[in-house]
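Input: a single structure, listed below in structure tokens.
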Amino acid sequence: MGRRDERRQTRQRLLLDTAMSILADEGLDALTIPKLAERMGASVGGLYRYFPSKEAIFVALQERAVDAFAQAQQEALNALMPGDTQDPV
């Protein structure tokens with residue numbers, strides 16, 4: 001992975017972290033692209049380079065939550081069966 005790709009992924013993670021913070025603190029209706037840009041110190045247009053819409057941000061947050069849940073489930077299964085370290089996924 002190149003340096004540019006790493007920076008892009010880092011920026012996407014920061015954007016999603018910031019979006020999640022707004023959702024947790026203020027609720028769904030409070031999450032707007034302008035508010036997200038302001039919190040990040042970025043331009044509105046700059047955010048659209050990472051996600052084409054607010055809905056795309058919601059989808060990415062949902063995917064992140066599903067991935068975290070799957071990882072937690074796998075860790076719980078591994079704890080129940082310590083000798084079996086094979087990941088079925």
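In this chain, residues are counted from 1 in sequence order.
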If you define the side chain from C-beta out and look only at heavy atoms, does anything of [X] sit under 4.5 Å from [Y]?
X: F51; Y: V59; result: no
X: I57; Y: I33; result: yes
X: R11; Y: R49; result: no

Determine whether L28 and L36 fall in the same hydrophobic cluster, where Ile, Leu, Val, Met, Phe, Trp and Tyr are linked whenever their side-chain heavy atoms lie under 4.5 Å apart.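 Yes; tracing contacts between hydrophobic side chains, which count when under 4.5 Å, links both residues.
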Does D5 CG have over 12 foreign heavy atoms under 6.0 Å away?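 Yes, because the 6.0 Å sphere around CG of D5 holds more than 12 heavy atoms from other groups.
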Heavy atoms of other groups near E26 CD, more than 12 under 6.0 Å: yes
Evaluation steps, side-chain contact (heavy atoms from CB on, under 4.5 Å), between R4 and R7: CA-CA 5 Å; R4 177 178 277 168; R7 282 193 308 247; 4.2 Å; yes
Please round to the nearest 0.5 Å and tell me the distance separating atom [atom1] of [X] and atom [atom2] of [Y].
X: L80; Y: E75; atom1: CG; atom2: CD; result: 12.0 Å
X: L61; Y: M20; atom1: CG; atom2: CE; result: 4.5 Å
X: M40; Y: L14; atom1: CE; atom2: CG; result: 4.0 Å
X: Y50; Y: R13; atom1: OH; atom2: CZ; result: 12.0 Å

Kindly say whether T32 contributes a backbone atom to a donor-acceptor pair with the side chain of K54 at under 3.5 angstrom? no
At their closest point, which heavy atom of R39 faces which heavy atom of S21, and how far apart are they?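 That closest heavy-atom pairing would be NH1-OG, 4.1 Å.
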Minimum heavy-atom distance between L16 and A60, given as atom pair plus value: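 Nearest heavy atoms, L16 then A60: CD2-CB, 3.8 Å.
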Write out all pairs satisfying side chain to side chain donor-acceptor pair (under 3.5 Å) with one or both partners inside residues 60-70, taking only residues at least two apart or from two chains.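 Qualifying pairs: D17-R64.
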Using side chain to side chain contact (heavy atoms under 4.5 Å, CB included) as the criterion, point out the one residue from D25, L23, T18 that pairs with L31. L23
